[in-house]
Amino acid sequence: MSGKVYLIGAGPGDPGLLTLRGKEILERADVVVYDRLVSPAILGMCNAKAKMVDVGKMPQHHKVKQSEINKLLVQFAGEYPAGIVARLKGGDPFVFGRGGEEALELVAAGVEFEVVPGITSAISVPAYAGIPVSHRGIATSFHIITGHERDVIASEQGERGNLSLDFETLAHCPGTLIFLMGIANMDFIAKRLMECGKDPKTPLAFIEKGTTPHQRTVMATLETAGKTIVRENVTAPAITIMGGVVELGKSLAWKKNLPLSGKRLVVTRAAKQASGITARLTALGAEVIETPMIETRTLECSSNFADLANFDILAFTSTNGVESFFSQLFAAGYDVRVLAGKKIASVGKITEKKLLEYGIRCDYVPEDHTGKGLGKLLASLDVDDARVLLLQGNLADDTLLRLLPRATRWVVYETLPVSELPEWKREAVASADAVVFASTSAVENFVKVMPQSTEGATEPRISFCIGSMTKSAACRCGFETVTSDETTMDSLVKKIVEYYSR
Ligand code: SAH
């Protein structure tokens with residue numbers, strides 16, 4: 001019995017370009033073996049309990065050899081019988097991704113596998129630069145070629161055969177030429193193509209870090225290719241595209257440079273509160289790494305469920321409370337019928353909506369959506385001895401209990417500071433430009449979970465803070481601080497944009 005291996009294409013960078021099938025498998029994976037080019041946002045979609053294995057460390061670090069990766073996949077399939085091993089690769093696994101080699105090894109070892117194609121950078125990166133790889137009247141074919149060192153050296157030495165580029169044929173090919181890898185060899189490739197007769201004026205574009213917030217397009221021609229790479233410092237990962245279609249990029253470049261393009265920001269709010277600010281920063285062009293500093297854990301209260309009969313009103317003050325209560329109720333073998341005849345109260349609209357997901361309509365929601373409002377509303381009810389059960393988290397304050405002295409409280413979940421970040425997350429955070437803090441505790445916990453860099457300070461060094469207390473905490477911890485004028489997310493987002501447009 002062995003697990004199943006999925007060779008999954010992660011797409012070119014933009015997390016929105018991962019396939020639905022790929023996401024579904026990552027959410028269930030037991031092990032994720034991933035490459036260097038896979039974005040942190042996609043790693044963040046993986047099952048939080050999965051073992052995360054980085055086999056594509058940065059160039060200066062040790063990189064796991066292909067033969068070792070092949071062996072690892074077989075090994076993990078053995079270690080997780082009936083489990084899911086996700087092999088996550090940039091772009092498409094079978095387009096210069098060595099997915100075929102991995103699949104052959106799995107076949108040889110008798111391990112079951114499935115291929116989940118990805119969107120290859122060869123086509124999508126030009127698309128994000130406004131360059132269609134084929135176009136009526138301009139290019140009737142396109143060719144995806146490796147510019148990798150080994151192949152080029154082979155052809156430089158005059159070798160022929162599968163591994164060398166056939167410059168003669170390429171030079172006379174009327175279609176669009178797309179080179180993956182090999183920016184370092186592009187000067188040589190361009191010269192050879194011209195020697196073999198390709199027009200030196202052929203338009204050409206280098207597209208660097210395509211589909212990511214750092215995307216950059218540099219235009220040149222075949223004869224200026226080498227010089228342009230040096231002058232503009234074009235760096236990997238980048239693709240080179242040659243042919244008439246490149247000209248279309250001048251009118252079709254649709255991806256706007258936004259105020260926060262190219263910035264990587266860490267948002268430390270709890271996952272549920274983070275989505276609003278994440279969406280706003282992303283819309284402004286930033287790459288956001290959500291790194292909540294607290295996590296919630298459902299608490300055991302199933303032994304109490306038989307006592308539900310003793311209550312007339314159930315009051316919820318958070319969506320966490322709703323989710324924790326029902327997950328335990330169901331796990332204990334009950335269903336919503338135990339709530340028949342009871343009145344349900346919610347502190348506000350969001351909790352009310354959450355209850356509706358469980359098929360429950362609220363009887364009481366205060367106008368002002370506060371605990372105080374809810375307490376007053378329940379206290380004013382015309383039922384003298386209504387027995388109220390409060391379903392809350394461990395950090396809920398005593399407002400409700402004070403207003404409803406005879407109510408009972410069950411603590412259904414607790415909120416804890418995050419004690420550790422997975423390695424991939426620490427690396428992504430350390431490479432960020434800045435971190436966003438909305439509370440003192442978030443600052444203090446962040447410094448605990450992020451190890452100090454060699455200079456003795458936590459990376460990143462810049463912090464955007466809401467509120468003066470948060471700012472003081474960040475200052476104490478050695479951050480450069482920028483504080484919002486008002487204590488709202490809107491005001492903070494405005495400040496972040498101002499800071500980067502200085
Ligand atoms: N399987 C991948 C290609 C792997 S080879 C795919 O289908 O896309 C790695 C090369 O792909 C890089 O050297 C670069 O040329 C190209 N590449 C991958 N992602 C890229 C990106 N976001 N922007 C530009 N080029 C990219």
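Computed over heavy atoms, backbone and side chain alike; hydrogens, waters and symmetry mates excluded. Remember, it's 1-based here, ligands and their atoms both numbered in the order they're listed.
In terms of polar-atom proximity, Phe96 is not counted as a contact of ligand 1, lacking any N or O under 3.5 Å from an N or O of the ligand. Between Thr211 and ligand 1, not a single N/O pair is under 3.5 Å apart. Looking at ligand 1, you won't find any N or O of Phe179 less than 3.5 Å from one of its N or O atoms. Polar contact with ligand 1: absent for Leu37 (N/O pair, distance under 3.5 Å). When only interatomic distances are considered, the shortest N/O to N/O separation between Glu208 and ligand 1 does not fall below 3.5 Å. Checked against a 3.5 angstrom limit, the closest N/O atoms of Pro93 and ligand 1 fall outside it.
Within the set Gly97, Ala10, Pro12, the minimum heavy-atom distance to atom 22 (N) of ligand 1 is found for Pro12.
Counting heavy atoms from C-beta on, the side chains of Ile144 and Leu180 come closer than 4.5 Å. In this structure, the side chains of Phe479 and Val447 come closer than 4.5 Å at one or more pairs of heavy atoms. The side-chain heavy atoms of Ser431 and Arg264, taken from C-beta on, include a pair separated by under 4.5 Å.
Side chain of Thr488 to backbone of Ser491: a donor-acceptor contact under 3.5 angstrom is found.
Contacts of Lys209 with ligand 1, taken as heavy-atom pairs under 4.0 Å, involve the backbone alone. Counting heavy atoms closer than 4.0 Å to ligand 1, residue Thr212 contributes nothing at all.
By the 4.0 Å heavy-atom criterion, Ile239 is counted among the residues contacting ligand 1.
The closest side-chain donor-acceptor pair between Asp433 and Tyr500, if any, does not fall under 3.5 angstrom.
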